[in-house]
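First comes the structure, then the notes that go with it.
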Amino acid sequence: MRCLTEETKTDIINDISVLYELALSIGNSIDPKQNSGAFIRTLLERKNYSFAAVWISDDMLGISDKGGYSLFYAYPGFRVHTKHLPTGHPFCSPDRDPDRPVILSSGTPGYSDIMPEDGSEGTCLVYFLGTFGFLVLHRRTSSALQTHRDINQLRGVMGKFAVSLEGGLAHSHLLKEEQKERKQAEKERAATETLYKTIMSSTGTAMVLLAKDTTITGINKEMERLFGYSEEELVGIRKGTDFIHPDDIARVLENREKRRTEPDSVSKQYEVRFIPRSGRVKYGLMTIGSIPGTPNTIVSIIDTTQRKKAIDLLVKSEQKYRDFANSLPELVFECDDTGLLTFINRAGSEILGFHDTACFHNILDPLTFASEQDRIRAIEYFQHVIEGREPRAVELSIRKTDGTALPVIVHASPVIREGGITGVRAVATDISTIKQIQERLEHSLSEKDVLMKELHHRVKNNLQVISALIALQSDTIDNGAAKTALSNAQERIMSIAILHENLYKSKDFLHIDFSAYIDNLVSHLSSVFGTEQRNVSITTHVGIRDLTIDTAIPCGLIVSEIVSNSMKYAFPDNRAGIITINITRDPEGVCTMIVADDGVGFTPGEREDHAPSLGLHLIRLLATGQLDGTLDIDTGNGVTFKIQFKMNHNY
């Protein structure tokens with residue numbers, strides 16, 4: 001039988017061994033749950049406890065929507081009655097002293113909340129782990145001695161466990177935050193990638209995503225069409241530089257490096273040559289952009305092969321045009337939409353006296369092209385052409401460098417490039433020789449006009465002399481019939497003289513103002529027969545203005561003959577009456593002359609078909625012969641003469 005002293009030494013040694021093992025089990029893992037599990041397993045193995053659990057504050061666990069304490073770890077095999085203690089629970093007070101554990105029995109309030117669901121009876125020992133949590137140890141026996149002994153033995157170990165657990169929780173919280181941030185970043189990157197892929201799939205431009213080392217990470221359908229490769233053949237397998245022409249690779253890589261080190265020193269858009277699957281070189285306008293938050297880039301490519309070919313053809317065409325323009329003797333020039341010369345051919349430079357670069361001149365400058373008096377018209381013409389309206393020719397006076405004016409005819413048209421008007425192209429023809437010839441012709445025509453006026457004037461005078469001679473001869477004759485014949489001849493001559501008088505006053509010697517001619521003729525006849533004293537009036541309506549001499553003479557003779565006969569025979573014994581003259585032309589060119597009176601009409605035997613009168617015979621010959629028309633005479637109420645004939649289209 002051992003004595004008490006030996007037993008106490010043995011217990012102390014055992015306690016030291018237990019505490020040493022417990023201390024070794026703390027902090028072996030940075031995971032707070034694994035750390036808690038290792039410590040509790042060692043504690044239950046070396047001490048006579050039936051259950052153990054760790055509770056941590058919601059703030060420490062990052063559960064901000066609850067408050068209080070939550071079950072963090074319970075020894076496997078037990079189901080705890082509750083998983084959360086509210087803020088007002090007895091074990092949730094922040095004022096608990098970590099150095100003063102609490103001993104609870106099965107009858108203590110709150111005891112069942114922290115025990116397993118089987119409702120184990122016994123003693124519960126609660127160690128407070130600072131302000132962030134507490135540890136629950138349960139023993140089925142209620143021996144106070146063992147409990148107080150445990151308290152003294154485990155107080156130091158619990159402090160170390162509390163420090164280790166708090167550190168693990170802080171580390172775990174940090175990892176969670178990092179994971180959260182990493183997930184958020186991954187989510188944002190995924191959203192960005194999705195956005196770029198959506199843009200790529202919806203645009204009509206070939207687009208490709210490149211990793212930092214130019215590995216292709218994504219393409220759209222347009223890229224597949226342009227390069228002739230499928231997505232499976234490119235993504236993750238090929239690099240973007242694999243398809244660039246060997247002569248352009250160095251430039252592309254140099255620009256890529258500059259964008260990384262000096263982003264403002266290089267353009268994000270430039271043209272390169274590509275080699276697709278077909279092997280035929282293509283030209284493309286490449287635009288490079290960075291994807292935010294990643295080292296990746298997105299590249300869009302516009303196929304400019306056809307445009308490049310068109311430009312090459314345009315350059316060749318322009319050269320042919322310039323060679324052709326330089327071979328012409330006329331002045332050929334081009335200008336932009338501001339009037340600045342962009343081209344002038346050799347003949348133009350020689351004509352105007354340019355010896356320096358033509359591009360320093362402006363066609364709207366009065367000291368260069370259009371002289372001061374023509375400058376407004378030149379500006380209007382230039383604006384007319386640049387607005388794309390129907391091109392037309394214009395006559396201008398161009399100022400040469402020596403100050404002399406050169407008359408030209410300018411034919412201009414708009415210069416159209418890429419669907420828009422960019423300037424004006426024109427040919428100016430020297431018309432100085434033509435202008436000189438024109439001036440001589442105008443002078444000659446002026447002289448001829450004077451001669452023609454003089455001719456008609458002299459013809460009129462000669463006819464008037466003849467008329468006067470007839471009148472003098474008539475005064476020497478006693479025979480009445482002879483006097484009448486001479487008088488009629490005199491009136492016919494005067495009708496022709498009046499026509500020449502109208503021609504003398506006219507600006508056009510081929511046509512006569514027929515309305516004015518009839519008015520003058522009627523006025524003359526009225527004065528001869530004294531219609532104002534005889535109560536006979538004459539009304540005229542002439543709807544024809546211009547007639548040739550060949551037509552006007554027979555028409556005038558007909559009117560003169562009919563009116564004279566009416567004056568002589570239609571109104572005997574000073575009878576009052578009206579003579580009407582109505583001359584019209586219809587749209588088909590048929591002229592209708594109606595000369596009528598309301599006098600006594602014809603006497604029996606004076607019908608046209610049997611009339612011996614020279615006047616009626618003359619009217620018939622003029623109407624049907626010279627005018628190639630028809631003649632109708634109506635004697636129903638006075639006498640009405642109706643003559644119709646087809647007018648020449650030149651009238």
Side-chain angles (χ1 to χ4, degrees), residues 317-417 421-453 506-511:
S317 176
E318 288 285 339
Q319 187 58 46
K320 288 182 180 179
Y321 154 71
R322 293 175 185 271
D323 292 342
F324 176 72
N326 281 324
S327 67
L328 295 176
E330 287 86 359
L331 190 158
V332 181
F333 67 91
E334 281 188 15
C335 65
D336 62 18
D337 55 2
T338 66
L340 190 68
L341 278 175
T342 57
F343 171 76
I344 187 168
N345 66 341
R346 280 192 294 268
S349 297
E350 294 172 358
I351 291 172
L352 297 178
F354 287 163
H355 301 294
D356 54 354
T357 304
C359 293
F360 292 111
H361 301 282
N362 192 294
I363 67 169
L364 304 180
D365 185 354
L367 298 178
T368 301
F369 265 28
S371 58
E372 188 63 34
Q373 64 270 23
D374 286 345
R375 185 167 183 265
I376 300 300
R377 289 198 305 120
I379 292 175
E380 291 177 352
Y381 181 65
F382 175 82
Q383 190 66 31
H384 180 93
V385 177
I386 206 71
E387 289 175 358
R389 291 186 245 167
E390 186 69 23
R392 58 184 175 84
V394 65
E395 182 178 334
L396 294 172
S397 180
I398 293 180
R399 183 182 179 91
K400 299 165 68 173
T401 55
D402 61 4
T404 59
L406 179 69
V408 294
I409 292 289
V410 179
H411 294 80
S413 60
V415 177
I416 300 175
R417 289 190 176 93
I421 297 176
T422 60
V424 171
R425 180 180 293 126
V427 177
T429 304
D430 180 4
I431 59 171
S432 56
T433 302
I434 296 175
K435 295 290 283 187
Q436 293 171 1
I437 295 173
Q438 182 180 355
E439 290 175 0
R440 289 197 295 268
L441 287 174
E442 288 176 353
H443 181 71
S444 176
L445 286 174
S446 178
E447 292 178 344
K448 290 181 179 179
D449 285 346
V450 173
L451 291 175
M452 289 297 293
K453 285 180 180 289
S506 174
K507 294 181 179 179
D508 182 1
F509 300 119
L510 297 178
H511 297 81

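No hydrogens, no waters, no symmetry mates; every other heavy atom, side chains included, goes into these values.
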All salt bridge (charged side-chain N to carboxylate O under 4.0 Å, His left out) counterparts of E350, not counting sequence neighbours: none

Salt bridge (charged side-chain N to carboxylate O under 4.0 Å, His left out) partners for R377, two or more places apart: D374

Testing the basics here: between [X] and [Y], what is the closest heavy-atom pair and its distance to 0.1 Å?
{"X": "I421", "Y": "I416", "value": "CG1-CG1, 4.1 Å"}
{"X": "A428", "Y": "V410", "value": "CB-CG2, 4.1 Å"}
{"X": "R346", "Y": "N326", "value": "N-OD1, 3.0 Å"}
{"X": "I351", "Y": "P329", "value": "CD1-O, 3.9 Å"}
{"X": "V424", "Y": "A412", "value": "CG1-CB, 3.9 Å"}
{"X": "I409", "Y": "E395", "value": "CD1-CB, 3.7 Å"}

I'd like to know if the side chain of [X] reaches the main chain of [Y], judged simply by a donor and an acceptor atom lying under 3.5 Å from each other, with no hydrogens or angles considered.
{"X": "Y381", "Y": "L396", "answer": "no"}
{"X": "N345", "Y": "E330", "answer": "yes"}
{"X": "D336", "Y": "G423", "answer": "no"}

Check: D430 and L406 side chains under 4.5 Å, non-hydrogen atoms: yes

Side-chain heavy atoms of T429 within contact of V408, under 4.5 Å: no

Value rounded to 0.5 Å, distance of CZ in F343 from CZ in R425: 9.5 Å

L341 CG to C335 SG distance, which is reported to the nearest 0.5 Å: 6.5 Å

